Amino acid sequence: MPTASASIRIIDTPEQMHSLSGEIRSSGRRLGLVPTMGALHEGHLSLMRLARAQCDVVAASIFVNPLQFGPNEDFDKYPRTFESDCHKLEAEKVSLLFAPTTEAMYPPGAKTFVEVGEISDRLDGRSRAGHFRGVATVVTKLFTIVQPDVAFFGQKDAAQVAIIQRLVRDLNLDVRIVVAPIVRESDGLAMSSRNAYLSPQERKQAPVLYRALMRVQKLADQGERNTAKLIASGKAVIAEEPGVRLDYFEIVDPQTLQGVSDLRSGALVAVAAYVGTTRLIDNVLLSGGGEVRTSLR
Ligand code: AMP
């Protein structure tokens with residue numbers, strides 16, 4: 001699979017990665033990990049830059065994790081652009097890339113999974129059964145293999161962030177989690193590897209998710225505190241766009257992902273919708289979201 005390229009070091013076995021990270025840590029250098037599924041875009045690269053600013057050595061990982069895809073989801077067609085990803089990582093001066101095979105991550109007979117109770121069934125977890133079990137399992141394995149001091153995730157996947165922060169606390173994992181703001185296209189569409197699936201017509205419709213979030217934010221800024229009304233106004237914006245089918249539109253506590261009935265500072269407005277057959281997600285934190293959030297170890 002991976003071919004060597006000029007300056008990035010590509011590691012494809014957990015054993016090699018583990019011993020290399022041991023060397024890095026014992027030399028006193030701070031190691032940052034940016035987990036991805038590849039098909040890298042500016043959203044991913046913003047995480048690499050943040051990691052470079054905070055760490056001495058940055059390891060990216062590229063692994064399209066079969067465990068987090070449902071049987072009728074897009075695992076097979078998920079975009080895989082390994083060579084160009086390597087060039088982008090080199091341009092960002094990322095020095096290590098962990099890119100294991102599925103067999104290396106899940107050898108035959110693997111039977112252990114990590115499950116974060118309750119919150120894994122909320123938001124995306126409700127419509128994507130088993131998704132967050134797959135995420136929690138692969139992230140735990142990546143943390144064990146790479147042993148980063150700090151790991152970087154995007155606010156784009158807000159439910160994933162809540163689950164990983166819960167996981168780190170519950171299992172006393174020795175890693176600091178840094179969450180970076182959502183990077184958007186100029187029309188507001190959140191960058192996503194899945195945007196590549198959109199036809200030109202669907203691409204024009206897709207910013208409706210962001211417009212719906214902005215409508216809610218504006219009403220909240222104007223003093224509306226009733227979350228049922230706010231949700232209804234967001235849903236109405238989505239309904240204006242034919243060909244876009246809502247999955248969920250919710251206002252929740254960003255840590256527990258439980259719905260809130262009265263608006264409070266820091267509430268998370270989250271949306272998922274199908275544009276054609278492509279499922280897109282987006283969100284905004286109502287207390288002026290977008291800032292870098294850091295959790296204590
Ligand atoms: P993925 O490759 O989709 O698994 O994403 C890898 C990481 O990049 C996750 O932590 C995502 O939340 C983050 N990410 C994806 N899209 C964006 C974006 N538009 N802005 C910021 N971070 C993002």
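Both ligands and their constituent atoms are indexed starting at 1 by order of listing. Quick note: residue numbers are just sequence positions, from 1. Bear in mind that the values here come from a model prediction, so they are computed numbers and not experimental data.
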Suppose the criterion is salt bridge (Lys or Arg N to Asp or Glu O under 4.0 Å): which pairs have a residue in residues 223-238, not counting sequence neighbours? none

Between the side chains of D149 and R25, is the shortest nitrogen-to-carboxylate-oxygen separation below 4.0 Å, so that they form an ion pair? yes

Set of residues that line ligand 1, where lining means a heavy atom lies under 4.0 Å from it: P35, T36, M37, H41, G43, H44, L47, Y78, F153, G154, K156, D157, Q160, P181, I182, V183, M191

Who pairs with R49 by side chain to side chain contact (heavy atoms under 4.5 Å, CB included), at least two apart in sequence or on another chain? E42, L45, E92

Residues forming a ring pair (Phe, Tyr, Trp, His ring centres under 6.0 Å) with F143, sequence neighbours excluded: none

Taking all atoms of both residues into account, what is the closest heavy-atom pair of Q155 and V179, and its distance? OE1-CG1, 3.5 Å

Salt bridge or not between R184 and D282? Use side-chain N to carboxylate O under 4.0 Å. yes

